[in-house]
Amino acid sequence: QIPLKYGASREGKRTDAAMQRWRENRFGQFIHFGLYSLAGGHWNGKYVEGAAEWIKGNARISDEDYEALTRQFVLPEFDAREWARIAKEMGVKYSVITTKHHEGFCLWPSEYTDYDVSRTPFGRDLLKEYVDAYTQEGIDVYFYYSIIDWNHPDWRSRVETVEDSLAFFRYCDFMNKQITELMTRYPEVKGFWFDGTWDKSVVKFGKITWDIEQLMHRLNPGIICGSRLRVDEKGARHFDTNGKLMGDYEQGWERSLPEKAPQNDWECVMTIPENQWGYQADWRGHIKSATEIIEMLAAATSMNGNFVLNFGPKGDGSLREEEKQMARKVGKWMQLNGEAIYGCVQAPLKPQKWGYYTRHRDNGFVYMVVCYQPVSGMLKVVLPTGSVIENCVVLGKEGMELKPEKSTKNEFVIPAPEVKDGFPYVIRLKLKEGD
Ligand SMILES: C[C@@H]1N[C@@H](C#Cc2ccccc2)[C@H](O)[C@@H]1O
């Protein structure tokens, strides 16, 4: 262990109610919305390769031409209540919105910059409408905030000269003011999702991330913040130089899931196409189905993790059809099977090939989320010695008990129900522990 001043500010999982609520939520929504949404991944009528929210660099757009997008920020179809209704329909319990992405444009009227909604034809406090609408639907709100700010004159991706460091520390002051502004104007915010901490300037001056963490805790001790914000004084990110997680949960699982359950709380954020967060009018490549998303959500829950699905609303403020379809299909599944996700954790059973076990924290049930129908027609379950299956039903068909058969030592097989709709199904087990 080497002495660190700006490493992990605490150790082990948080045990307070706010963090417990984050865990029980399990399923969240990401919203990527900004000036890039107007471009929709196209510039001068041409498709632009790369992530749509990075179009400024990908299409080599000048500051002046990009800033002109503010004049097109009209949002005739924007209705935060419709976004919130669809999020509710999908069954998410929390939502993370890009208050400011790398482009630097702010979705709220900030006192510290003109590069925000108040200087657009839309003119309204979009963030307030989002916070109110989602809170109204009972969905917790979280703020994404990019440390990188391509618009701000004092942002520096690297600090090499005295002038750089003076500018960079002016920028840090601006950032601290904006974070304070976000926490005081919108006290409903449950946590921050920081991004853009990979540039050399932040890695060189990790203390600025310690300062942000301290600032947030002063303003709201229960605030939740992942590991991506943090860099220690040696330049270590997410985990400090002594290997200790910085922040409240592992926030590195971007478009990926762990192979096995991490020791810490963790969250995966996922796109529907391969790598588009902001609105891309022309989705290309593999577009994940609702079935694939449900499997990822079950996999995350089975490993004590949260799963956040990204939506990139269109430049007119409406949601795209594919995402509304996704919300409907996933929401229908969650209506029937949500008890296998919300408030669930890893089950103490040997993983099997047919899918994922989860265990509900309170009701004692174990759930089998079946994603791979066995050719044998039999679902294998290995129980701790002496345990038996007291009750076994398919969610939605609780009246028709399934009859597990003991097949060998500690091993039972359950006749697999027929798959009708192309979605995973969930079997609920009541286990009776061995004496
Ligand atoms: C949550 C996701 N993180 C952002 C990124 C990135 C990125 C892209 C390439 C190299 C390093 C980092 C994406 O734009 C999106 O906001």
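We count ligands from 1, going down the list as the structure has it; atoms in each ligand are counted the same way. When reading the values below, keep in mind they use all heavy atoms of this one structure, side chains included, and skip hydrogens, waters and symmetry mates. Nothing fancy with the numbering, it's 1 onward along the sequence.
- Applying the salt bridge (charged side-chain N to carboxylate O under 4.0 Å, His left out) test to residues at least two apart or on different chains, none of the pairs has a partner in residues 340-358.
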Kindly print each ligand 1 N/O atom paired with any protein N/O atom under 3.5 angstrom away, one pair per line, or none if nothing qualifies.
residue: ligand 1; atom: 3 (N); partner: Asp195; partner atom: OD2; Å: 2.8
residue: ligand 1; atom: 3 (N); partner: Glu254; partner atom: OE1; Å: 3.3
residue: ligand 1; atom: 3 (N); partner: Glu254; partner atom: OE2; Å: 3.4
residue: ligand 1; atom: 14 (O); partner: Glu53; partner atom: OE2; Å: 2.7
residue: ligand 1; atom: 14 (O); partner: Trp54; partner atom: NE1; Å: 2.9
residue: ligand 1; atom: 14 (O); partner: His101; partner atom: NE2; Å: 3.2
residue: ligand 1; atom: 16 (O); partner: His32; partner atom: NE2; Å: 2.7
residue: ligand 1; atom: 16 (O); partner: His101; partner atom: NE2; Å: 2.8
residue: ligand 1; atom: 16 (O); partner: Asp195; partner atom: OD2; Å: 3.4

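- Remark: Arg81 fails to qualify as a cation-pi partner of Tyr130 under the 6.0 Å distance and 45° angle criteria applied to the six-membered ring.
- Asn337 meets the side-chain hydrogen bond (donor to acceptor under 3.5 Å, both in side chains) test with no other residue; sequence neighbours excluded.
- Between Tyr279 and Tyr36, a ring centre-to-centre spacing not shorter than 6.0 Å is recorded.
- Residues satisfying the side-chain hydrogen bond (donor to acceptor under 3.5 Å, both in side chains) criterion with Ser62, sequence neighbours excluded, are Asp65.
- A cation-pi arrangement, defined by a distance under 6.0 Å to the six-membered ring centre and an angle within 45 degrees of its axis, is present between Arg428 and Phe365.
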